[in-house]
Every structure is written in C-alpha cells, then in structure tokens.
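Note that the structure is a prediction, hence the values are computed from the model and not measured. Scope of the values below: all heavy atoms of this structure, side chains included, with no hydrogens, waters or symmetry mates. Naming: A, B, ... by sequence-line order, numbering from 1 per chain.
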Amino acid sequence: MKKIMEMALGVVTSVGGFLEIGSIATAAQAGALFKFQLVWAIILGGICITFLVEQSGRLAAVSGHTVPDAIRERFGFNYYLFLLAVLALVTLLVLGSEIGGVCVALEMATGISFRWWAVVVALLMWLVLWKESFSVVEYGTAFLGLVTLCFVVAAVVMHPPWREVAWGALPTLPTHDRLRYWFVAVSILGASVSPYLMFFYSSGAVEDGWKEDYTTVNRVIAIFGMSFGTFISVAVLVIAALVYLPRGIRVEHYAQLGLMLRDAFGVWGFWLLLASLFVACLGAAMEVTLELAYMVAQGFGWNWSKNQKPKEEARFSLTYTAFIALGTLLVVAGFDPLKLTIFSMALTAATLPVAIIPFLVLMNDEEYVEEHTNSWFSNAAVVAIIGLAFVLAVVTIPLEIFGGG
Amino acid sequence: MNIRSKRGDRKTRALRLCATATLIALVSLSVSCASDPQKGARQELQTLSSWAATLRLLADSWREGSVPSRYAAKTADEAHEALQEEWHSIEQSTTTSAEARAGLSDHARTLDALAATLAQAVRNENREAAGQLIAQLSDEQKSVDELARGAGAGNR
C-alpha cells in the first residue's frame, strides 16, 4: 500500500513538475510557426527522457549513488571537472531563463518590468531552499504545478483536429522556414532531454532513501510521470497552433504568451496562464538550483542534502546561494527571457553527449547496478539517444546562428 | 614524462577546453540575443504582420475584459519598443532594396504609432478607441500580408 501511494505521489509530482519555461516557450513557438508538425519532437523528447530518468532512478536505488557521484567515482575527478564545467555553464543559463519565466509572470500580473522582480524572486527561492526540506521543495511546487493541467483542458475545449495532431507525431519535412523548423525541433529536444533532469531525479531518489526494492516504483513513476508530462507539452503546442497560427502571431516576445488561453477560458485564461507560468518556473528554478549545487557538492565530496540543516552543510548552502545570485544576474542584466530560454534549451541539447556516454557505461557496470544492468533494449535506446545527442551537438550552434531568428 | 607533468598537461587541456566552450557559449548568446540589422525583407514582413496580429488580439481581449489593463498597456508598450527596433533595423538594412526599405519603414512606423495609441487608449480606459484601432490594425496587417505575398514571403 505504501509503495502504491509512493507511486501515485511520484507520478503526480512528475506531472506537476514537468512543464517549465523551456517546454512552454518551445512548444508555443512550434505550434505558432508549424501547426502540429513538431508534435513528433515533443514525443521523441519525452521517450528519451523517460528512458534516462528510469535508468538514473534505478542507478540511485540500487547503488545509493547519484549520477554525478557515480560518474566522478567511476571516471575520475578530471573528467568530472570537465563535465561539471560544461553542464554548470549551460544549466546556469537554464536557471536564468527559469527565474526569468517567474519574473515575466509577475510582470504580466503587475505591469512592473521583469528585471525589477528578479531580486524578489531570488530571495523567495533562497528562503524556501534555506528553510524547507527536500519534500516541501519537491512536492510543494509539484502539487501547485498541477495547475498546468489547464493546458490539457484548454486543448480539449478548443476541439482541435485530433487526426491532424496525431499525424504530427510522425516526423515530416517542413514546407517553409526550413532552418527555423530544425532549430525549434532542436530546442524542443533540449527542453525535454535535459541532463539536469536525470541528475536531479537520481539526487531526489537518494534524498528520499530509495533502495533496491524501489525499482518498480521508479519504473512506474518514470514512465507514467514523463508520459503525462509530455502530453501537457503537446497540449501547449496544440493551443499555440489554434490561437497564434491562424492569426499570424509568431511568438517572438514573452508578452505574447499572456494571450494563449483567452480563447479557451475567457477572462480566466489570463490568470490560469500566469499561475501556470509562475508555479512551473519557480519549481523548475529551485530544482535547477539544487541540481547545480548537488553537482558541485557531490563532485567535491561535500555534505549535501536538503534534509539537513544549512549549518551542517555550509558549503552546499553557499553553493546554491551563489548559483541563485548568478542566475538572477542574467535576468537583471536584461537578457530577453524568451531568447535566453530558446538559446539555453538549444545549448542543452548540444551538451547531452558528455552526460549520457558515461551514464551508459554505469548502467552496464555490475559494481553499481548489480543484477539490474540495462537490457539490450535499454542499451539500444541509450545508444540511439547518444547518436541523437551527437547530431544535436553538431547542428545546434549553426542552427542557432542561421535559424534562430 | 612523470605523473605530475601528465596531470598538469591534462589540467591545462581541461582548462583550455572549458575556456573555449565558455567563449563559444558567450558569443552565441550575444549573437542570439542581439538584434540583427541584416534581416531580410521577408523576415521583417513576418515580424510586422505578427505584431499587427498581436496588437489586434490584445486590443480585442482588453476590450472584452479578458486581460487586465496593466498587462494590455505593458504589452502595447513592449510592441511599441519592438516595432521601433524593427524600424531601425529596416533603416540600417543593406540586403533590402531602397524601394522595399521605404515600404517596410512606412508599415513599421504606422504599426509603431498604432501600438503607442493603443497603450494610451488602455491607460485612459477608452474601449471605444481600442475598438477603432482593431479595424486599423486589421487593415494594416492585410496590407503587410499583401506586400509579403508580392515578395513571395509569408507562411500562413
């Protein structure tokens, strides 16, 4: 019974915590520019992250190691330092975009520029991380994040041509703006298949005290949680295709997002959109901050846990404080939140190989996962993801320059 | 070569790699976030049409009370700023003919003025004025779209 409750809680947490500024912005742009043509990219991203998250949870449950910790131990400190440098830089940009997302929601609600909100949001994040335990941070924002289900309701209420949406699950070539099409596809994949997601999942599994008997719980949470979350992203794309595309709105400015749910919900649409943006981005910002701090602390062998008092893990606490400050600086500096988001998602896609290749080795190492090593199917999936990651790594920067608009 | 100098070499290589990656990321970030004075006519037309449509939807939503005045005014201001940037971008463009630049510039100026007028109407709670602007924005968007079709552009 306890395991069933934990599964249910885990699935709900994954659903409520799935959407963030990256998935919202990339799905909205995809729908506004290419109707349902990029549904396949969201689904592909969802399948990839499901495999990676399930495996990272399995690693944590069986070995008691988080993914970063296991990589450091298995591959040595020098490789880990390289991995940390690359991922920390990109994840910091993601953090800036998530904080920007929260600030944009507050700007839409109050009319006060998002830059002024950055310090307030940073203080709020810091207070929650300082005072509250991991459960409150993870479950609190995830439950509040269930408000993002409004996108699913909106998509249903707007009666899209579901057959056309289903056809969008099959990859097709674009009929216009070819470079832009592939750039948006890369950004969608970067928003879905983020290394920080799988690293955070494994850290969360250790924080929650998962053991070997949690492998089934892990599998259910990964599959159902990521699947439902993917469905919400598809709903955002569908709404954008129905609201923006017929009118010729290209979603090149964050302020345009405020009009997305008006057709579906009237006066409530604006406030539901704001609530979704605020909660989803706040939750994601705190998760990203924690994961950055986890990566540093686990790499250097410091105490790290959100379930301990800050004074017992001073370096970990100082690290997440510093990352919050750095992420906030990006917003205060005035980088356009939407452009920062799209850029950071694309760059995330480019950094996938450095995280996933060592991960594949770990998932086949019996010293870590004992008899729970990957099946041939899981290995094939990860190899395919690595292949995809290499392609993304090569094409991202040129697409950004020539197709990023 | 002893172990210490091997470690030193590896650290130096790692540091160089990190510095290179940081430089590439920063350059890309600057390129992606900066406005591009070399955008072609096609992209300009798409952007102008997009802002015209956004302002129409915004005015309509505000008029019926679906969005609050604070958001409507702020978004109209953002549109006003963005359209001014587009106007400057068009003026500086070297890839567009003088004739096309003049046409684009006119539309950008018109839309810019309409955005500013909408922001003022919202601040004055003048819904009738917003209603009149919807018709003007619609005409302007049609005009831009016709120009785009003539130039072989548009993606609707």
From B:Thr54 atom OG1 to A:Tyr244 atom OH, the distance as rounded to the nearest 0.5 Å | 8.0 Å
Measure A:Trp268 against the heavy atoms of chain B and call it side chain, backbone, both or neither at under 4.5 Å.
-> neither
Is B:Ser50 close to A:Arg247 at the side-chain level, that is, under 4.5 Å between some pair of heavy atoms?
-> no
Considering residues, nucleotides and ligands other than A:Arg178, do more than 12 of their heavy atoms fall under 6.0 Å from its CZ?
-> no
Contact part of A:Thr351 toward chain B, heavy-atom cut-off under 4.5 Å: side chain, backbone, both or neither?
-> neither
Does the side chain of A:Glu107 reach to within under 4.5 Å of the side chain of B:Thr75, using non-hydrogen atoms?
-> no
Tell me, for A:Ala350 versus chain B, whether the close heavy atoms (under 4.5 Å) come from the side chain, the backbone, both or neither.
-> neither
Would you give the length of the straight line joining atom NE2 of A:His176 to atom CZ of B:Arg42, rounded to the nearest 0.5 angstrom?
-> 9.0 Å
Donor-acceptor contact present, side-chain B:Gln46 to main-chain A:Ile249, <3.5 Å = no
Chain B: which of A:Asp263, A:Val90, A:Thr110 shares the most heavy-atom pairs with it under 4.5 Å?
-> A:Thr110
Got more than 12 heavy atoms from elsewhere within 6.0 Å of CD, B:Glu125?
-> yes
Shortest non-hydrogen contact between A:Tyr254 and B:Glu78, atoms and distance | OH-OE2, 3.2 Å
Before giving the answer on side chain to side chain contact (heavy atoms under 4.5 Å, CB included), spell out for A:Ser113 and B:Lys74 the whole-Å C-alpha distance, their side-chain angles and the decisive distance to 0.1 Å.
-> CA-CA 9 Å; A:Ser113 171; B:Lys74 183 75 179 155; 4.2 Å; yes
N/O donor-acceptor pair under 3.5 Å between B:Ser66 side chain and A:Arg262 backbone | no
Walk me through it: do B:Thr47 and A:His253 pass the test side chain to side chain contact (heavy atoms under 4.5 Å, CB included)?
-> CA-CA 11 Å; B:Thr47 302; A:His253 195 281; over 6 Å; no
Quick one: does B:Tyr71's side chain have a donor or acceptor within less than 3.5 Å of a partner on A:Phe270's backbone?
-> no
Ring pair (Phe, Tyr, Trp, His ring centres under 6.0 Å) partners for A:Phe77, two or more places apart = A:Phe300
